[in-house]
2 protein chains.
Amino acid sequence: MRLVVARCSVDYAGRLTAHLPLATRLLMVKADGSVLVHSDGGSYKPLNWMSPPCTLLTAPAEGTAAEAGAVETWRVASTKTDDVLVVSVHEVLSDSSVDLGVDPGLVKDGVEAHLQRLLAEQIEHLGSGYALVRREHPTAIGPVDILCRDASGGSVAVEIKRRGDIDGVEQLTRYLELMNRDPHLAPVAGVFAAQEIRPQARTLATDRGIRCVVLDYEAMRGVDDPTTRLF
Amino acid sequence: MRLVVARCSVDYAGRLTAHLPLATRLLMVKADGSVLVHSDGGSYKPLNWMSPPCTLLTAPAEGTAAEAGAVETWRVASTKTDDVLVVSVHEVLSDSSVDLGVDPGLVKDGVEAHLQRLLAEQIEHLGSGYALVRREHPTAIGPVDILCRDASGGSVAVEIKRRGDIDGVEQLTRYLELMNRDPHLAPVAGVFAAQEIRPQARTLATDRGIRCVVLDYEAMRGVDDPTTRLF
DNA sequence: GCGTTGATGTCGGGA
DNA sequence: TCCCGACGTCAACGC
């Protein structure tokens with residue numbers, strides 16, 4: 001990784017066009033050639049950047065850039081699209097490189113995928129006699145998180161969220177509408193399962209005949225067989 | 001801005017739990033106290049971070065962290081939520097600070113707002129005889145991007161996206177439901193206009209009687225009268 | 001301050 | 001590889 005602090009202006013052309021006036025910024029060049037332009041505020045998002053795969057070419061400034069006071073021009077071009085980032089470097093305040101090696105990567109816990117896996121393994125949380133049919137059941141408008149059958153053999157579509165919001169109820173409603181048009185599947189009941197269900201979402205779901213189930217992630221994880229865990 | 005290259009491990013607890021094993025990384029501390037943990041790959045998103053407003057406390061490592069070889073512990077806590085980021089620094093390879101000042105900020109072109117302005121000016125892209133009524137037509141649940149009339153005088157609500165996705169179709173559907181309840185306006189037809197329309201979004205739109213129109217931004221911009229441009 | 005919407009979104013998973 | 005939905009989404013704008 002190369003870290004350059006420099007007074008510079010930046011232009012991006014690609015999916016949109018963007019310009020950064022002359023100011024002092026941090027230029028981060030990663031090992032894969034990607035470039036990040038950071039200011040001393042904002043959030044974790046750079047002011048401007050080029051994602052890998054891309055190539056970085058540096059050359060002495062020429063033409064209008066040189067006339068404006070630039071000493072060096074960086075041209076970062078995406079190798080997949082015609083996106084291009086041009087950095088006009090006016091003054092380098094510091095320039096250092098360091099070898100970081102390959103990062104072992106992030107280990108996450110508590111996301112929706114785990115909830116889905118746990119509920120699929122412990123489908124009895126929905127009620128006695130429930131049986132899993134499949135996860136990610138495909139439909140024309142997207143996959144249903146879990147398809148299962150209740151004690152009487154009726155089809156049940158389950159939408160899982162960490163936080164149950166109105167959006168999730170809308171999503172499940174779309175699936176149910178579509179699936180209930182399929183004579184092989186209909187009638188399909190709906191279950192909205194989440195660690196936490198917002199009052200508005202619960203109201204909407206209930207109004208549409210969708211059952212709400214609150215999941216206890218910690219308890220479900222406790223029951224979970226550690227040999228089948230992702231980590 | 002402070003830039004520290006260090007061998008470290010990182011733990012985050014908040015909306016999820018995440019852990020980064022010991023490795024060499026860049027720690028970026030911005031003027032507002034926010035912290036970014038970058039590796040030498042990935043994209044512009046850090047491996048882990050804490051957004052402002054937050055506070056950073058550094059102290060000599062203690063307990064299990066010290067036993068594991070850490071010399072210093074950074075505790076970055078959000079001042080609004082109970083999110084916390086803990087960096088266990090094992091070895092500092094470099095540590096430097098620089099004053100960047102305030103950034104003048106980014107100037108953009110080519111976002112949805114521009115697409116909307118162009119389509120309003122060139123409403124004939126929807127078909128012969130179309131006439132603009134107004135942009136950002138207000139409804140109780142939000143503004144409709146464009147309201148216009150077709151050749152026969154019927155009302156048409158247009159939702160514009162750069163990328164047409166299911167969300168956009170849902171959004172337009174909500175507007176149409178509401179507007180069609182208004183006897184002064186009904187019947188209102190729907191048009192989903194985007195630079196690119198995803199197959200599932202097209203399927204859903206078509207199923208709901210919403211017409212899809214693909215927009216060519218470059219061509220529309222070419223026709224654009226530069227004297228009316230925003231910049 | 002809350003809610004809604006857009007984003008050069010980015011990221012990960014399944015087909 | 002493409003397609004699609006989640007995200008510690010974030011950030012801007014309107015009410």
Side-chain angles (χ1 to χ4, degrees), chain A residues 10-18 34 36-37 42-52 54 76 78 80-85 105-106 108-117 134-145 159-163 165-168 171 174-175 200 230, chain B residues 12-18 34 42-52 54 78 80-85 105-106 108-116 136 138-145 159-163 165-168 170-171 174-175 194-196 198-204:
Chain A
V10 184
D11 287 280
Y12 164 78
R15 276 170 279 192
L16 58 63
T17 310
S34 59
L36 284 64
V37 182
S43 66
Y44 67 68
K45 193 175 177 178
L47 293 167
N48 226 323
W49 71 93
M50 180 58 69
S51 306
C54 60
V76 196
S78 168
K80 293 227 163 188
T81 67
D82 55 1
D83 290 23
V84 65
L85 186 76
L106 190 66
K108 281 188 183 180
D109 188 11
V111 293
E112 181 187 318
H114 298 171
L115 270 180
Q116 188 191 114
R117 186 177 55 79
R134 66 181 296 179
R135 290 167 59 183
E136 301 286 345
H137 173 80
T139 77
I141 56 169
V144 175
D145 285 344
E159 177 64 35
I160 301 172
K161 294 280 179 229
R162 279 189 308 113
R163 283 184 204 171
D165 228 321
I166 280 188
D167 281 2
Q171 192 180 351
R174 288 197 300 273
Y175 292 144
Q200 290 187 336
L230 289 172
Chain B
Y12 164 78
R15 274 169 275 192
L16 58 68
T17 310
S34 59
S43 68
Y44 70 67
K45 193 174 179 180
L47 293 167
N48 229 324
W49 71 94
M50 182 59 68
S51 306
C54 61
S78 168
K80 293 226 163 185
T81 68
D82 56 359
D83 290 23
V84 64
L85 186 75
L106 192 65
K108 287 186 184 183
D109 176 25
V111 290
E112 182 190 313
H114 302 156
L115 208 56
Q116 186 192 117
E136 300 287 345
T139 76
I141 55 170
V144 175
D145 286 342
E159 176 63 35
I160 300 172
K161 292 282 181 233
R162 282 189 311 112
R163 276 171 48 172
D165 227 322
I166 277 187
D167 283 0
E170 290 290 2
Q171 193 179 352
R174 287 197 299 273
Y175 292 144
Q195 282 183 270
E196 178 201 344
R198 301 298 189 102
Q200 290 190 337
R202 184 180 289 273
T203 301
L204 185 63

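Chain identifiers are assigned alphabetically (A, B, ...) following the order of the sequence lines, protein sequences preceding nucleic acid strands; residue numbering begins at 1 within each chain.
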Selected nucleotide, minimal atom distance to B:Arg198 side chain, candidates D:dC3, C:dA7, D:dG8: D:dC3
Pairwise distance CD(B:Glu112) to CD(B:Gln195) - rounded to 0.5 angstrom: 10.0 Å
side-chain contact (heavy atoms from CB on, under 4.5 Å) against B:Pro46, all qualifying residues, sequence neighbours excluded: A:Tyr44, B:Leu36, B:His38, B:Trp49
Integer-rounded Å distance: C:dG13 C1' and A:Gln116 CD: 10 Å
Pairwise 5' ranking along DNA chain C for B:Asp145 and B:Arg162, keeping only the more 5' one: B:Asp145
Distance-only donor-acceptor pairs under 3.5 Å for side chains of residues 10-18 of chain A, two or more places apart:
{"from": "A:Asp11", "atom 1": "OD1", "to": "A:His19", "atom 2": "ND1", "distance (Å)": "2.7"}
{"from": "A:Asp11", "atom 1": "OD2", "to": "A:His19", "atom 2": "ND1", "distance (Å)": "3.4"}
{"from": "A:Tyr12", "atom 1": "OH", "to": "A:Arg15", "atom 2": "N", "distance (Å)": "3.2"}
{"from": "A:Tyr12", "atom 1": "OH", "to": "A:Asp83", "atom 2": "OD2", "distance (Å)": "2.7"}

Distance in angstrom units between B:Leu106 CG and C:dG9 P, rounded: 14 Å
N/O (side chain, B:Arg163) to phosphate O (OP1/OP2, C:dT10) under 4.0 Å: no
Sugar-phosphate only, base, or nothing, as touched by B:Glu136 at under 4.0 Å among non-hydrogen atoms: nothing
A:Leu16 CG to C:dG6 P, straight-line distance once rounded to whole Å: 15 Å
Closest-nucleotide ordering on DNA chain C, the 5'-leading residue of B:Lys80 and B:Ala113: B:Lys80
Euclidean distance, atom CD of residue B:Gln200 to atom P of D:dC3 [Å, nearest integer]: 11 Å
B:Asp167 CG to D:dC4 P, straight-line distance once rounded to whole Å: 12 Å
Interatomic spacing from CD in A:Gln171 to CD1 in B:Ile166 - rounded to 0.5 Å: 8.5 Å
5′-ward residue of the pair B:Ala201/B:Gly14 relative to DNA chain D: B:Ala201
Rounded interatomic separation in angstrom, taking NZ from A:Lys161 and P from D:dG8: 13 Å
Separation of A:Leu85 CG from A:Ser34 OG (nearest 0.5 Å): 11.0 Å
Nearest-angstrom distance from the residue atom CG of B:Asp165 to P of D:dA6: 11 Å
From CD (A:Gln116) to CD1 (A:Ile160), nearest 0.5 Å: 5.0 Å
Touch class at under 4.0 angstrom, heavy-atom based, for B:Pro143 against every strand present: nothing
Point-to-point distance, once rounded to the nearest 0.5 Å, from NZ of B:Lys161 to CZ of B:Arg198: 13.5 Å
Letter per nucleotide, 5' to 3', of nucleotides 10-15 of chain D [B base touched, S only sugar-phosphate touched, - untouched; heavy atoms, 4.0 Å]: SS----
Sugar-phosphate, base or nothing in reach of B:Tyr175, heavy atoms under 4.0 Å: sugar-phosphate
Worked verdict on B:His114 versus B:Lys108 for side chain to side chain contact (heavy atoms under 4.5 Å, CB included): CA-CA 10 Å; B:His114 302 156; B:Lys108 287 186 184 183; 5.7 Å; no
Touch class at under 4.0 angstrom, heavy-atom based, for A:Arg135 against every strand present: nothing
Spacing between B:Glu170 atom CD and D:dG5 atom C1', to the nearest angstrom: 14 Å
Residue closer to the 5' end of DNA chain D, B:Glu196 versus B:Met50 (nearest nucleotide): B:Glu196
